[in-house]
Amino acid sequence: MNSSVPASPSKQGLLPNQLPEAHLGLLSLCALRLGDKSVDWSLLARGAESPEGLWTMFEGNLREQSEVAHKSLPLLRAALAHLPEARERVAAELESAAAAGARIVTVLDDAYPANLRAVPDRPPFLFYLGELADADHRSVAVVGTRGATEDGLSRAKRMSKELVAADVAVFSGLALGIDTAAHTAALDAGGRTVAVLGHGIASKVYPAANETLAKRIVHSGGAVFSQFWPQSRPATWTFPRRNVVTSGSALGSIVIEASRTSGAKMQARIASEHGKHVFLLRSLVAQETWAAKMVADGRAVEVSTVDDVLGRLGSAPVQQVEPEEPFEQLTIGDL
C-alpha cells in the first residue's frame, strides 16, 4: 500500500526517515529482546511520555510502581545490553515504513490520538497511511463477526451511515463481514473511517480481499493504523492487540453481531475495561447470553437506533470495569 494523500504538518505524525533522537530511542526500547521476550510495550508507552521518563528507562529504571513494572525491570536491564541490535532492527523497519509511504506518531507527539492516549494499554507508536484528524476525538467503533448475517450487514451499514451523517468518525478492524460493511457504508456516505490493522503497515493487507477497501479509505481522507512493526505479518496474537487500539481510539464500541467466541465480544470487554461506552444492538442482546449479561451487569447498554448512541456520547459510560491485572498487555490467551 502507498499513500498519496497530502499530510498537514499541524496534525500529522513524522516521516520515518526524519525522526528525532528521542523517538528513535523509544523505538529502540520497543525493539529490545532477550531471547523470545521483550519489555511490555504499554509499560514503555506510559514511561516514555516525558523525556525524563524515557531516559530513566535507558538507565535501566522504571518510574511506574505496578506489578507489571516490577516483573519487567530485570528484563529491561538485561536487554539493554542488546541495544545495538535493537537499533539495527528499528532502522530496517523504518526503511520499510518509508517505502510504504507511511508516517509514524508516538506518545511523545501532540498528534498522538487523544482518545487512545487516555487508555492504560496504549501502544507506544502508530504507523499510519492517510491522515490523522481532530475529528477522530468524536468517533465510535462499529464491529462484529466476520460471518455476518444479511440482517447484521444491513444493520452495520445503517448504523455507520447514520453515524457519519452526525459527524462521528467510524473505526473498525478491516475484517470481512461487519467491519467491511461499516467501513464501506461510511465511505459511501462521504464520512471519515479509520481501519485498524492486525499486522504491519508495510505488510500485505489482510484479508487480501480488502486491499482495495484499504486504499479507498486512505484516498478518501481516512486512515489506516497499525501498532506493529511495519514488516509484521498477521498472527493469532496480533488481533487481540488490534482490538485494544480499535477500542481505545473511539469513545465507544457498537457490537452488531458476535458469538461468545467472537473477537467483537472481546472488544466489548476491552471497551468496558477502558471505561468506554459499550453499545450492544437489541437483536444481539436478545440472541446472545454474554451480551444480555453485560447489559444486566451495567457494563453495556442496549441500543436499537443511532439516536440511542448519539445521546450517550457526551456522557460517562454506565460503569467502568477494572481489568484483573491493570495495564497488562493482552496476549492470545485473552481470545
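Under the side-chain contact (heavy atoms from CB on, under 4.5 Å) rule, P123 has a single partner from L116, L44, V244, which is L116. Among the candidates W229, F228, F225, the single residue satisfying the ring pair (Phe, Tyr, Trp, His ring centres under 6.0 Å) test with F125 is W229.
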Problem - Intermediate values then yes/no, side chain to side chain contact (heavy atoms under 4.5 Å, CB included), R77 and S72 - result: CA-CA 9 Å; R77 290 174 173 171; S72 298; over 6 Å; no
Handout entry: CA sep, side-chain torsions, deciding dist, call: K276, I270, side chain to side chain contact (heavy atoms under 4.5 Å, CB included)
Key = CA-CA 9 Å; K276 306 280 188 173; I270 293 168; over 6 Å; no
Exercise for the section: Might you work through the salt bridge (charged side-chain N to carboxylate O under 4.0 Å, His left out) test for R89 and E85, ending with a clear yes or no? Expected result: CA-CA 6 Å; R89 179 179 184 184; E85 298 99 302; over 6 Å; no
Handout entry: Test log, rule side chain to side chain contact (heavy atoms under 4.5 Å, CB included), inputs K215 and H219
Key = CA-CA 6 Å; K215 290 179 179 178; H219 292 294; 4.2 Å; yes
Problem - Residues R117, E49; criterion salt bridge (charged side-chain N to carboxylate O under 4.0 Å, His left out); working and verdict - result: CA-CA 10 Å; R117 192 186 292 277; E49 290 192 321; 3.1 Å; yes
Practice task
Would you sort out whether L281 and R155 count as a side chain to side chain contact (heavy atoms under 4.5 Å, CB included), showing the intermediate values?
Solution key: CA-CA 9 Å; L281 282 201; R155 291 169 182 142; 3.8 Å; yes
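Of all non-hydrogen atoms in S160 and A185, the two that sit nearest each other are CB-CB, 4.0 Å. The minimum heavy-atom distance between V164 and A189, with the atom names listed, is CG2-CB, 3.6 Å. V39 and L76 make their closest contact through CG2-CA, 3.8 Å (heavy atoms, listed as atom of the first residue, atom of the second, distance). When every heavy atom of A166 is checked against every heavy atom of L310, the shortest pair comes out as CB-CD1, 3.7 Å. Across every non-hydrogen atom of A271 and S247, the tightest pair is CA-OG, 3.2 Å. The shortest non-hydrogen separation linking L54 to A48 is CD1-CB, 4.0 Å.
Using a 4.5 Å heavy-atom cutoff, the side chains of R122 and V119 are in contact. At a threshold of 4.5 Å between non-hydrogen side-chain atoms, the residues L26 and V107 count as touching. Annotation: side chain of I104 is not in contact with side chain of L126 (no heavy-atom distance under 4.5 Å). R282 is not listed as a side-chain neighbour of V303, based on a closest heavy-atom distance of 4.5 Å or more. Two residues are said to be in side-chain contact when any heavy atoms from C-beta on lie closer than 4.5 Å; V301 and V278 fail this criterion. Residues R242 and L197 are not in side-chain contact: their nearest non-hydrogen atoms beyond the backbone lie 4.5 Å or more apart. Between D188 and K161, the closest side-chain pair of non-hydrogen atoms is not below 4.5 Å. Residues D121 and H274 form a side-chain contact, since some pair of their non-hydrogen atoms from C-beta on lies under 4.5 Å apart.
A donor-acceptor pair shorter than 3.5 Å cannot be found between the side chains of E288 and S259. Q12 and Y128 are linked by a side-chain donor-acceptor pair at a separation below 3.5 angstrom, with hydrogens and angles left out of the test. No hydrogens or angles considered: nothing links the side chains of S283 and D151 as a donor-acceptor pair under 3.5 Å. If you check the side chains of N210 and H183, you find no donor sitting under 3.5 Å from an acceptor.
In this structure, the side chain of W55 does not engage the main chain of A22 through any donor-acceptor pair within 3.5 Å. With hydrogens and angles disregarded, no donor-acceptor distance shorter than 3.5 Å links the side chain of T145 to the backbone of A148. A donor-acceptor pair is defined here as one N or O able to donate and one able to accept, closer than 3.5 Å; such a pair exists between the side chain of D40 and the backbone of S42. With hydrogens and angles ignored, the 3.5 Å screen pairs no side-chain donor or acceptor of N17 with any backbone N or O of E95. Within the 3.5 Å criterion, the main-chain N or O of L108 finds a donor-acceptor partner in the side chain of T106. For the pair D308 (side chain) and T305 (backbone), a donor-acceptor distance under 3.5 Å is present. Remark: the backbone N or O of A235 is paired with a side-chain donor or acceptor of T238 at under 3.5 angstrom. N115 contributes a side-chain N or O that, together with a main-chain N or O of H137, makes up a donor-acceptor pair within less than 3.5 Å. A donor-acceptor pair under 3.5 Å links the side-chain atoms of T56 to the main chain of E52, judged by distance alone. S172 contributes no side-chain N or O that, together with a main-chain N or O of V143, makes up a donor-acceptor pair within less than 3.5 Å.
We find the OG1-CE distance between T261 and M266 to be 11.0 Å, quoted to the nearest 0.5 Å. Going from atom CZ of R260 over to atom NZ of K293 covers 15.0 Å, rounded to the nearest 0.5 Å. Taken to the nearest 0.5 Å, the CG atom of L32 stands 8.5 Å off from the CG atom of L75. The CD1 atom of I256 sits 8.5 Å away from the CZ atom of R158 when rounded to the nearest 0.5 Å. To the nearest 0.5 Å, atom OG of residue S304 and atom CG of residue L284 are 13.0 Å apart. From S139, atom OG reaches atom CZ of F171 across 4.5 Å, with rounding to the nearest 0.5 Å.
Counting heavy-atom neighbours within 6.0 Å of K265 NZ, excluding the residue itself, gives a total above 12.
In terms of hydrophobic clustering, with Ile, Leu, Val, Met, Phe, Trp and Tyr side chains grouped at heavy-atom distances under 4.5 Å, L176 and V170 are assigned to different clusters. V218 and L15 are members of different hydrophobic clusters when ILVMFWY side chains are connected at heavy-atom separations under 4.5 Å.
A salt bridge is defined here as a Lys NZ or Arg NE, NH1 or NH2 lying under 4.0 Å from an Asp or Glu carboxylate O, and R192 with D136 meets this definition. The pair R46-E64 counts as a salt bridge, with a side-chain nitrogen and a carboxylate oxygen less than 4.0 angstrom apart. Remark: R269 engages E273 in a salt bridge, criterion side-chain N to carboxylate O under 4.0 Å.
Partners of F279 under the ring pair (Phe, Tyr, Trp, His ring centres under 6.0 Å) rule, at least two apart in sequence or in another chain, are H277. The side-chain contact (heavy atoms from CB on, under 4.5 Å) search around P16 returns L94, A97, A98, not counting sequence neighbours.
Screening residues 68-115 for ring-ring contact (aromatic ring centres under 6.0 Å, His included), with sequence neighbours left out, gives no hits.
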